[in-house]
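Since we're looking at a predicted model, the values are computed, not measured. As a basis for the values below, the full set of heavy atoms in this structure was taken, side chains included, without hydrogen atoms, waters or symmetry mates. We name chains A, B, ... by the order of the sequence lines, and we start the count at 1 in each one.
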2 protein chains.
Amino acid sequence: MPRTGRPRSFDRDAAVTSATHLFWQHGYEGVSLDQLRTTMGGISSASFYAAFGSKEALYREALSVYLATYGRVTDALRDQTLPPRDRIEHALRRSAMMQTTPGHPTGCMVTLSATIGSDQTTALKGLTAAERQANREAIVLCVTAAIENGTLPANVDTVGLAAMFDGFLLGISLLARDGMTGDILNSAITNAMRAWDMLAIAPR
Amino acid sequence: MPRTGRPRSFDRDAAVTSATHLFWQHGYEGVSLDQLRTTMGGISSASFYAAFGSKEALYREALSVYLATYGRVTDALRDQTLPPRDRIEHALRRSAMMQTTPGHPTGCMVTLSATIGSDQTTALKGLTAAERQANREAIVLCVTAAIENGTLPANVDTVGLAAMFDGFLLGISLLARDGMTGDILNSAITNAMRAWDMLAIAPR
DNA sequence: CGACTTCTGGATCGAGTAGTTCAGATGTCA
DNA sequence: TGACATCTGAACTACTCGATCCAGAAGTCG
């Protein structure tokens, strides 16, 4: 917005990107202002607060950048053009691929960066918890849609089957953080989908 | 060991238990010395350091207490008296039950308390990572044992199937921390085991 | 050029961090 | 009882935390 005045001497977008990676890797409380300012090119405190407002505001911005980019891998869960089973499988495979791709931290920022920590971060934990809840509900909708279109029998335990995929999706973040490769994760996903297929071929 | 001298005025075991719960809930860096001393009955810094040495030493002690008690739920993975499939199912069900039982934090301390954080906690992260790795290897052994005894066909993707159960086991901690009930987790486990059964009934 | 706007470096703040020190209180044991 | 071992309360250290302030540098625009 400012038309006049001394221009900022650092690239704000690049700074947010590096902050996103730091929070993703170490969690909100695991990153200090010093680290943030250093990776942003050694800017001063004054510059930091003028540009971002506070550490918490920066985290919120970093998280929304994450959701708008890397986090899109679970969009498949809501892709009505795909069959319900494919929505889940695509989301799993894209998540596994993204979370093990070099160039950024492993695992998922929503799952890892604000899950545990002191009570002072309750508000931020709520942000990521809401995202996880949204995915949870989308997975349930995939199962109910499959029952409605006859892919899965009507007596399927909707919540239980959805929780299985939900839990596995969350677990992928921890596997990736522990160093598991994308190939192995893809094999694991193939096996997870067998739980769905077992129900799909069950006698009605 | 001390035979003489002024006796300690607080219950050391009870103090370790409350510390375990704090670390379990908030993670190593999410707990402050003030919190620890307060929940231990308001003991002083001097008493704390005389009894435990340091915050890190207390965490190590708390973790070993956890492993020797709550953490035993995954012992089933190594129970040679059980069929391989039951080893995995028992470990999953006992974990889900324990992690959702009231009276202590939800989820698993090994999975949650030292997974992310600043670089200063690398050593502690290694402790829990080693435990996860041990479970990982035990799950692989369950799969290979099932292949050897003919329960699963020889062409099963061992690592992929094991990673699926491993990932789901880890995910249970996050589901429990998000408030999922033990009943739903048990339903999810029933569905996860279908992936195994799908392979077990496959034509050779 | 000169008025105006914005950003920057550096000092600084108060609170909180883990950890230390020591005199004195409180116990055990011969 | 008295020598001794241990623990406790409170003050304190050295440091890091996130955040603020201000003087001056470095731009834009009429």
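Sequence neighbours left out, not one pair with a member in residues 155-186 of chain A passes ring-ring contact (aromatic ring centres under 6.0 Å, His included). For the ring-ring contact (aromatic ring centres under 6.0 Å, His included) condition, the pairs that include at least one residue of residues 87-117 of chain A, sequence neighbours left out, are A:Trp24-A:His104, A:Tyr70-A:His104. A salt bridge (Lys or Arg N to Asp or Glu O under 4.0 Å) check over residues 15-41 of chain A, counting only residues at least two apart or in different chains, returns the pairs A:Asp34-A:Arg37. Annotation: salt bridge (Lys or Arg N to Asp or Glu O under 4.0 Å) contacts involving residues 8-22 of chain A, sequence neighbours excluded, comprise A:Arg12-A:Glu61.
Contact check of residues 117-129 of chain B against DNA chain C (heavy atom, cut-off under 4.0 Å) returns no residues at all. For the segment residues 19-30 of chain A, no residue has any heavy atom less than 4.0 angstrom from an atom of DNA chain C. The stretch residues 35-50 of chain A touches DNA chain D through A:Ser45, A:Ala46, A:Tyr49, each having a heavy atom within less than 4.0 Å of the strand.
Contact annotation: A:Ser32 side-chain N/O to D:dC17 OP1/OP2 distance is under 4.0 Å. For A:Ser9, a side-chain nitrogen or oxygen approaches OP1 or OP2 of C:dT8 to under 4.0 Å.
Take B:Arg60 and apply the side-chain contact (heavy atoms from CB on, under 4.5 Å) test, not counting sequence neighbours, and it matches B:Glu56, B:Leu124, B:Leu127. Legend: residues meeting side-chain contact (heavy atoms from CB on, under 4.5 Å) with B:Ala145, ordered by chain and number and at least two apart, are B:Pro84, B:Arg87. When the side-chain contact (heavy atoms from CB on, under 4.5 Å) test is applied to B:Gln133, the partners found at least two apart in sequence or on another chain are B:Arg136, B:Glu137.
Between the side chains of B:Thr181 and B:Asp183, not a single donor N or O lies within less than 3.5 Å of an accepting N or O.
Closest of all the heavy-atom pairs between A:Asp119 and A:Thr122 is O-OG1, 2.6 Å. The two residues B:Thr100 and B:Met180 have their closest heavy-atom pair at CG2-O, 3.6 Å. Heavy-atom minimum distance, B:Asn191 versus A:Ala195: O-CB, 3.2 Å.
When the C1' atom of D:dG18 is taken as reference, atom CG of A:Leu58 falls 13 Å away, rounded to whole Å. In this structure, CG of A:Leu33 is placed 17 Å from P of C:dG16, rounded to the nearest angstrom. B:Asp34 has its CG atom 14 Å from the C1' atom of D:dA10, to the nearest Å.
Axis angle between the ends of the helix from C:dC1-D:dG30 to C:dA30-D:dT1, five pairs each and rounded to 10 degrees, works out to 10°.
In this structure, B:Lys55 contributes its side chain and B:Val31 its backbone to a donor-acceptor pair below 3.5 Å.
Looking at which nucleotide of DNA chain C each of A:Arg8 and B:Pro7 is closest to, the 5′-most match is held by A:Arg8.
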Pairs of donor and acceptor atoms involving the side chains of residues 108-117 of chain B, under 3.5 Å and at least two apart or interchain, shall be tabulated with distances.
residue, atom, partner, partner atom, Å
B:Ser113, OG, B:Tyr59, OH, 2.6
B:Ser113, OG, B:Met109, O, 2.9
B:Thr115, OG1, B:Thr111, O, 2.4

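Applying the 3.5 Å distance criterion, the base of C:dA25 shares a donor-acceptor pair with the side chain of B:Arg6.
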